[in-house]
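Read the structure below first, then the notes.
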2 protein chains.
Amino acid sequence: MGAAQKNDFMKENKELVGVKEIARRAKVSIGTVDRVLHNRTGVSKKTKDKILAIIAELEYQPNILARRLASKKTLNIAVLIPAVSAETNYWKAPLDGILEAGIEVKPYGIAVEQYFFDQNDKTSFVKQADQILAAGVDGVLLAPMFMKESEKFADECKKLRIPYVFINSDIPDHDSLCYIGPDLFHSGSLGAHLMRYLVSGNDQVLIVNISKEIDNLHHLLRKEEGFKDYFKKNGLNNEIIKQDIRSTDYASVKKELTKVLDNRAIKAIFVTNSRVSSVAKYLQEAKRGDIKLIGYDFLEDNINYLKNGDIEFLISQKPKEQGYRGIMALYNHLVHAAQFDKSYYMPIDIITSENYLFYNN
Amino acid sequence: MGAAQKNDFMKENKELVGVKEIARRAKVSIGTVDRVLHNRTGVSKKTKDKILAIIAELEYQPNILARRLASKKTLNIAVLIPAVSAETNYWKAPLDGILEAGIEVKPYGIAVEQYFFDQNDKTSFVKQADQILAAGVDGVLLAPMFMKESEKFADECKKLRIPYVFINSDIPDHDSLCYIGPDLFHSGSLGAHLMRYLVSGNDQVLIVNISKEIDNLHHLLRKEEGFKDYFKKNGLNNEIIKQDIRSTDYASVKKELTKVLDNRAIKAIFVTNSRVSSVAKYLQEAKRGDIKLIGYDFLEDNINYLKNGDIEFLISQKPKEQGYRGIMALYNHLVHAAQFDKSYYMPIDIITSENYLFYNN
DNA sequence: TTTTGTTTCGGGTACGTACACGTAAAATAT
DNA sequence: ATATTTTACGTGTACGTACCCGAAACAAAA
């Protein structure tokens with residue numbers, strides 16, 4: 001054990017057989033082999049079985065290079081995600097990942113096209129979805145922000161046999177190729193765990209949900225559940241107060257916070273999404289540096305507050321990687337016919353003032 | 001802003017010109033174009049310049065698919081890393097990443113071959129390095145554990161014009177294609193930052209270095225520097241005690257720890273590498289649950305102690321990804337002739353009992 | 001001028017696959 | 001029986017590049 005050694009690793013003596021060899025062994029032409037490979041018509045059951053047997057025996061792997069070279073048609077992937085708005089640029093990161101994956105798979109004949117919708121406007125989502133269906137694509141990556149509309153769109157895709165991948169939030173049991181995004185419940189638990197380092201005894205804790213969208217709310221609630229569950233499981237008796245803020249502008253946030261913080265001994269705040277910077281701003285203005293803050297997402301605003309200590313922890317779920325992996329999942333499915341897990345939960349990352357410099361969104 | 005929109009993105013009107021088009025425009029044959037592309041002999045300066053101009057004008061990008069298909073020769077990448085030993089299986093993770101990248105690039109004509117050496121035996125490193133040179137490879141990925149020997153090997157590679165990538169630890173200013181691994185100093189600072197949540201006032205803090213290898217020690221020292229720097233910068237006056245343990249067996253660890261913990265008010269320990277599980281084991285045995293523990297690396301042993309609270313935080317630097325990216329860097333350089341940064345610092349991840357389930361090593 | 005040599009270039013084939021087209025054989029209809 | 005359709009399969013070309021072979025073109029030697 002541990003001695004110097006050279007490992008030639010599995011030998012890989014695949015010898016890379018191709019259709020030609022298969023054809024030779026089956027005593028048929030290349031064309032026939034090609035037909036069974038793409039299970040097209042025009043091959044008798046007998047020869048088809050024979051060829052299939054040989055393919056299995058030889059563990060034939062089609063040469064991707066040659067395949068894409070010979071096939072002049074490009075595969076189209078449509079992406080349906082919220083537009084990057086002035087309000088929140090969270091979706092810039094997934095988009096970056098999507099674009100990166102896009103240029104990576106382009107040489108292999110994949111075209112990625114973006115369709116953006118407005119998070120505050122369901123009809124824009126429907127409109128873009130219809131465009132995608134009209135365009136006739138080979139795969140779809142979508143953020144199912146609006147529950148009902150997304151389900152409808154997914155059903156359409158299923159009918160047309162277009163594979164689709166959910167990103168960032170899931171609609172379980174809807175036959176998506178897979179889901180790529182966070183496990184919200186555990187994300188909340190982690191928030192609680194970190195909170196534990198910031199409070200003690202019977203300090204009060206505040207949970208803040210800031211969101212205009214009702215449809216988004218269930219995501220936030222899931223985090224809240226995870227958060228509370230942690231306190232309960234660990235026998236912590238801190239009072240947990242909750243405040244929903246249904247307007248995202250700073251004035252509203254300020255008003256609500258002032259109200260809820262008044263006459264209370266709140267020691268720390270858990271903000272369930274990326275709007276945490278608003279809260280940080282308020283605390284700074286109100287000179288409430290004594291209140292610790294935990295929130296979400298690696299955004300410039302948030303990082304700035306993290307740097308000078310107004311935010312203690314940020315939790316992030318690799319939004320860029322979500323986009324990247326989403327495209328790659330479709331690519332692998334379309335080109336390599338690969339199988340994979342139904343859901344891919346992203347890591348739950350902790351960002352502090354000491355490691356944000358090295359974080360990969 | 002924020003309105004629904006469709007983005008066709010950069011148009012990409014490259015029209016994918018090939019050698020044929022270049023040949024047509026230059027009024028020469030494909031063969032001639034091919035010669036200048038590979039700057040082989042046999043082309044007059046005049047026609048060469050003309051072709052070069054056209055290539056530049058058209059921003060010609062060779063088709064990787066066709067290129068690798070037509071070229072029957074495969075490129076060989078050698079990997080030189082420590083063997084996974086019973087003592088520490090840290091290197092299993094980078095190896096996994098390397099293997100994963102290996103199968104990924106295999107279809108493109110890249111063969112990855114592993115050469116393992118013994119961390120406790122410099123001569124084994126040298127022996128394997130010589131084998132690589134004898135084998136004649138096109139690229140090398142290596143963990144430069146032994147400073148002097150690694151420098152010598154790197155120089156040899158440079159002489160033979162073989163590109164090489166450092167992984168896990170760096171030898172700066174040595175013309176490596178790039179370095180992929182952690183920023184050790186900041187890693188230590190993060191440890192200190194986390195430590196801050198565990199101690200208060202004038203609690204004593206212990207730093208433990210466990211390593212048999214002198215050559216490895218400078219890595220650990222770098223972390224130590226970052227750790228101490230954080231305390232200093234933040235005006236913390238906790239007494240920091242340091243203990244080197246130069247034998248990795250549990251008995252030695254136990255003995256040294258017993259000694260150093262005796263008659264002291266140590267409240268928390270920072271272990272600078274993956275041996276933290278030994279310390280956790282000791283604390284458990286000695287019923288010193290009051291002492292908090294921070295250490296390194298997502299290893300099974302460590303995770304077990306993390307789960308039941310014996311270890312508070314683990315810091316990890318994506319060892320698997322290091323291996324993966326190392327191979328990919330060489331692949332991109334060899335196949336795509338890509339340029340990239342001299343060093344790629346890995347994210348510094350924090351693992352707790354609440355997020356370890358979702359960590360990607 | 002012819003011969004020999006050298007430089008410069010064009011033509012052809014191969015890589016492994018996709019697909020259109022064509023043709024022989026089998027099945028069905030007349 | 002022949003004619004017609006259907007089924008089953010083979011052939012050829014194309015994708016974009018690598019590389020070999022040999023033919024011009026030109027220069028230097030005879």
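Just the heavy atoms: all of them, side chains too, but no hydrogens, waters or symmetry mates, feed the values below. Here the structure is a predicted model, which is why all the values come from computation and not from measurement. Letters A, B, ... are given to chains in the order of the sequence lines, protein chains preceding strands, and every chain is numbered from 1.
- Taking atom CG of residue A/D34 and atom P of nucleotide C/dC21, one finds them 15 Å apart after rounding to whole Å.
- Rounded to whole Å, the distance from CD on B/Q61 to P on D/dC15 is 20 Å.
- A/K27 has no side-chain polar atom (N or O) that falls below the 4.0 Å cut-off from OP1 or OP2 of D/dC9.
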Residue pair B/D49, B/K45: steps toward the salt bridge (Lys or Arg N to Asp or Glu O under 4.0 Å) verdict: CA-CA 6 Å; B/D49 286 346; B/K45 177 142 181 15; 2.7 Å; yes
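- An OP1 or OP2 oxygen of D/dC15 is reached within less than 4.0 angstrom by no side-chain nitrogen or oxygen of A/Y108.
- Between B/V43 and A/I30, the residue anchored closer to the 5' end of DNA chain C is B/V43, taking for each the nucleotide with the nearest heavy atom.
- Between the side chain of B/N63 and the backbone N or O of B/A66, at least one donor-acceptor pair lies under 3.5 Å.
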Evaluate the criterion side-chain contact (heavy atoms from CB on, under 4.5 Å) for residue pair B/W91 and B/L95; output intermediate values, then yes/no. CA-CA 6 Å; B/W91 282 94; B/L95 181 57; 5.9 Å; no
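- Evaluation of atom-type donor-acceptor distances gives no pair under 3.5 Å for the side chain of B/R68 against the base of D/dG16.
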Take A/E21 and A/R24 through the salt bridge (Lys or Arg N to Asp or Glu O under 4.0 Å) test and state the conclusion after the steps. CA-CA 5 Å; A/E21 173 65 11; A/R24 201 183 58 77; 3.0 Å; yes
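- Listed nucleotides: C/dC15, C/dA18, C/dT17. Nearest to the side chain of A/K20: C/dC15.
- Nucleotide D/dC9 holds its P atom 14 Å from the CZ atom of A/R40, rounded to whole Å.
- Atom pair A/I64:CD1 and C/dA18:C1' shows a separation of 16 Å (rounding to whole Å applied).
- Here D/dA8 is the nucleotide among D/dA8, D/dT11, D/dA18 with the atom lying nearest to any side-chain atom of A/S44.
- Between D/dC9 and A/T47, a contact under 4.0 Å exists linking OP1 or OP2 to a side-chain N or O.
- Residue B/K73 contributes atom NZ, which lies 16 Å from atom P of D/dT17 at whole-angstrom precision.
- Ring centroid separation for the pair B/Y344 and B/Y324 does not come in under the 6.0 Å cut-off.
- Side-chain nitrogen and oxygen atoms of B/S29 include none within less than 4.0 Å of the OP1 or OP2 phosphate oxygen of C/dC9.
- Here the P atom of nucleotide C/dA20 and the NE2 atom of A/H38 are 11 Å apart, to the nearest Å.
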Let me see the working for B/R40 and B/D34 under side-chain contact (heavy atoms from CB on, under 4.5 Å), right down to the final yes or no. CA-CA 9 Å; B/R40 273 175 292 208; B/D34 185 65; 2.3 Å; yes
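- The side chain of B/L69 lies closest to D/dG16, out of D/dG16, D/dA18, D/dG10.
- The distance between atom CZ of A/R67 and atom P of C/dC15, rounded to the nearest whole Å, is 19 Å.
- Within the 4.0 Å cut-off from OP1 or OP2 of C/dT8, not a single side-chain nitrogen or oxygen of B/K45 is found.
- Residue A/K48 is out of contact with every strand shown, counting any heavy-atom pair closer than 4.0 Å.
- Distance from the side chain of B/A66 is smallest for D/dT17 among the nucleotides D/dT17, C/dT17, D/dC15.
- As rounded to whole Å, 18 Å separates atom P of C/dT7 from atom NZ of B/K46.
- Closest approach to the A/N63 side chain among D/dA18, C/dC9, C/dG16 is made by C/dG16 (side chain taken as heavy atoms from C-beta onward).
- Mapping A/A70 and A/G31 onto DNA chain D by nearest heavy atom places A/G31 at the nucleotide closer to the 5' end.
- An OP1 or OP2 oxygen of D/dA8 is reached within less than 4.0 angstrom by no side-chain nitrogen or oxygen of A/R35.
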